[in-house]
Amino acid sequence: ALESLRSIRSADLEISSLEADLARLRKGLRDCDEETERIRKAAVKIHASGMHRQSQLKLLELEAHKQREELETQKTQLKNSRHIKEYHEMNAQVGAKAQAVSKTETQTLKMMEDVENLRKEGEKLDASLAEVSARRAALEAGTLEEAAKIESAINEHRASRSIITAGVEKGLLEDYERLYSRFGAEALVACEDGACTGCYKDLTANLISRLRTAVEVVRCPNCGRIL
């Protein structure tokens, strides 16, 4: 029975190791998916900002055009002024309009710069998205192949384990599985120098004698591990 439990433990350790490998492969895909989604959201946001800025730019350009036309009209009126008072009033209006035109043109140039920067940032994010998507496709192809091999190996170990467990008394198997879920590989431990190598407590002479006869499965009275 003890040899059967050792064989079951070996199978369990192999299965656990393979399942950890499988989890790492799948995590790699999840990480790639998360990166893809992060870049996609950033690209959508940048493109939306770019479109908004372009709309604002068009409005500014229209406003600048309108102001320039108004400025030219006022300049013409200024030239045609017949009285000093009228001339000074029109001159003040021309000066104010010229300042307004200058301000709008400055805003337009700044907006054009913003639009260009957003365009470049959008192109950069689009390139990153294409790169990570290609990397994800390649990773998925390799992962699927590797995962299939791992799952096949897991199924083989589980089949072998089932054959072994069929010959183990149910209560003993349940005890082992409970211990394995708690202690892992140390569900079964050795006795060295008269002590349990799981909890390092000394064993009684009677218990050590029972271990030497090897006719029964013996447990550590302190930690419950199978010796």
Side-chain angles (χ1 to χ4, degrees), residues 1-42 128 131-227:
L2 189 57
E3 284 304 315
S4 294
L5 291 179
R6 287 172 178 158
S7 297
I8 293 171
R9 180 182 63 176
S10 295
D12 286 340
L13 291 173
E14 286 293 337
I15 291 170
S16 295
S17 177
L18 290 168
E19 286 177 338
D21 291 340
L22 193 59
R24 279 192 292 272
L25 286 176
R26 289 170 176 165
K27 184 179 184 300
L29 282 178
R30 288 197 304 273
D31 290 345
C32 199
D33 287 340
E34 289 174 1
E35 183 181 5
T36 300
E37 185 61 13
R38 178 183 59 78
I39 295 174
R40 186 193 67 78
K41 287 181 177 179
S128 296
E131 186 275 330
V132 75
S133 295
R135 179 155 48 87
R136 203 273 183 198
L139 181 62
E140 181 179 25
T143 296
L144 289 175
E145 182 179 356
E146 186 65 22
K149 293 178 181 178
I150 292 174
E151 287 172 348
S152 177
I154 288 173
N155 290 334
E156 289 179 6
H157 284 297
R158 284 176 176 166
S160 298
R161 186 185 191 281
S162 295
I163 293 172
I164 300 169
T165 57
V168 178
E169 189 267 322
K170 182 180 178 181
L172 178 59
L173 181 61
E174 289 176 349
D175 283 347
Y176 159 76
E177 290 178 339
R178 176 179 54 79
L179 290 167
Y180 186 83
S181 67
R182 181 181 178 187
F183 298 118
E186 291 189 349
L188 279 69
V189 294
C191 169
E192 293 181 359
D193 297 326
C196 168
T197 55
C199 64
Y200 301 101
K201 293 292 184 178
D202 290 334
L203 303 173
T204 64
N206 179 55
L207 202 60
I208 294 172
S209 176
R210 286 166 57 195
L211 278 171
R212 288 172 179 167
T213 60
V215 295
E216 61 178 314
V217 173
V218 180
R219 294 172 179 78
C220 173
N222 182 63
C223 65
R225 290 178 173 89
I226 297 174
L227 300 169

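No donor-acceptor pair closer than 3.5 Å links the side chain of S17 to the backbone N or O of E14. Under the 3.5 Å distance criterion, the side-chain polar atoms of T197 are matched with a main-chain donor or acceptor of A190. Here the side chain of S152 pairs no donor or acceptor atom with the backbone of A148 at under 3.5 angstrom.
Contacts classified as side chain to side chain donor-acceptor pair (under 3.5 Å) and involving residues 137-146 (residues at least two apart or in different chains) are given here: R136-E140. Under the salt bridge (charged side-chain N to carboxylate O under 4.0 Å, His left out) criterion, no residue pair touches residues 190-208, with sequence neighbours excluded.
Across all non-hydrogen atoms, the minimal contact from L5 to V168 is CD2-CG1, 4.3 Å. Across all non-hydrogen atoms, the minimal contact from I208 to C191 is CG1-SG, 4.4 Å. Here the closest non-hydrogen pair linking S7 and I164 is CB-CD1, 3.6 Å. The minimum heavy-atom distance between R9 and L188, with the atom names listed, is NH1-O, 2.7 Å. Shown here for C32 and R135, the closest heavy-atom pair between the two residues is SG-NH1, 4.3 Å. Taking every heavy atom of both residues into account, R219 and L227 meet most closely at C-CD1, 4.0 Å.
Summarising the local packing, CZ of R182 is surrounded by 12 or fewer heavy atoms from other residues, nucleotides or ligands at distances under 6.0 Å.
For the atom pair CD (E174) and CD (E169), the distance works out to 8.0 Å, reported to the nearest 0.5 Å. Rounding to the nearest 0.5 angstrom, the gap separating the CG atom in N206 from the CG atom in L211 is 10.0 Å. Distance CD1/I39 to OG/S133: 8.0 Å, rounded to 0.5 Å. In this structure, OH on Y200 lies 10.5 Å from SG on C223, to the nearest 0.5 angstrom. Note that the CD1 atom of I150 and the CG atom of N155 stand 12.0 Å from one another [nearest 0.5 Å]. Separation of atoms CG (L172) and CD (E177) is listed at 10.0 Å; rounding is to 0.5 Å.
The salt bridge (charged side-chain N to carboxylate O under 4.0 Å, His left out) check on K27 picks up D31, with sequence neighbours excluded. By the ring pair (Phe, Tyr, Trp, His ring centres under 6.0 Å) test, F183 pairs with no residue at all, sequence neighbours left out. The salt bridge (charged side-chain N to carboxylate O under 4.0 Å, His left out) search around E151 returns R26, not counting sequence neighbours. Not counting sequence neighbours, S10 has no partner by the side-chain contact (heavy atoms from CB on, under 4.5 Å) test.
Put simply, the residue from L13, I226, D175 that forms a side chain to side chain contact (heavy atoms under 4.5 Å, CB included) with Y180 is L13.
In this structure the side chain of N222 never reaches within 4.5 angstrom of the side chain of C196, judged on heavy atoms. Side-chain contact between P221 and L203: present, with at least one pair of heavy atoms (C-beta onward) separated by less than 4.5 Å.
A salt bridge does not link E34 to R30: none of the charged nitrogens lies less than 4.0 Å from a carboxylate oxygen.
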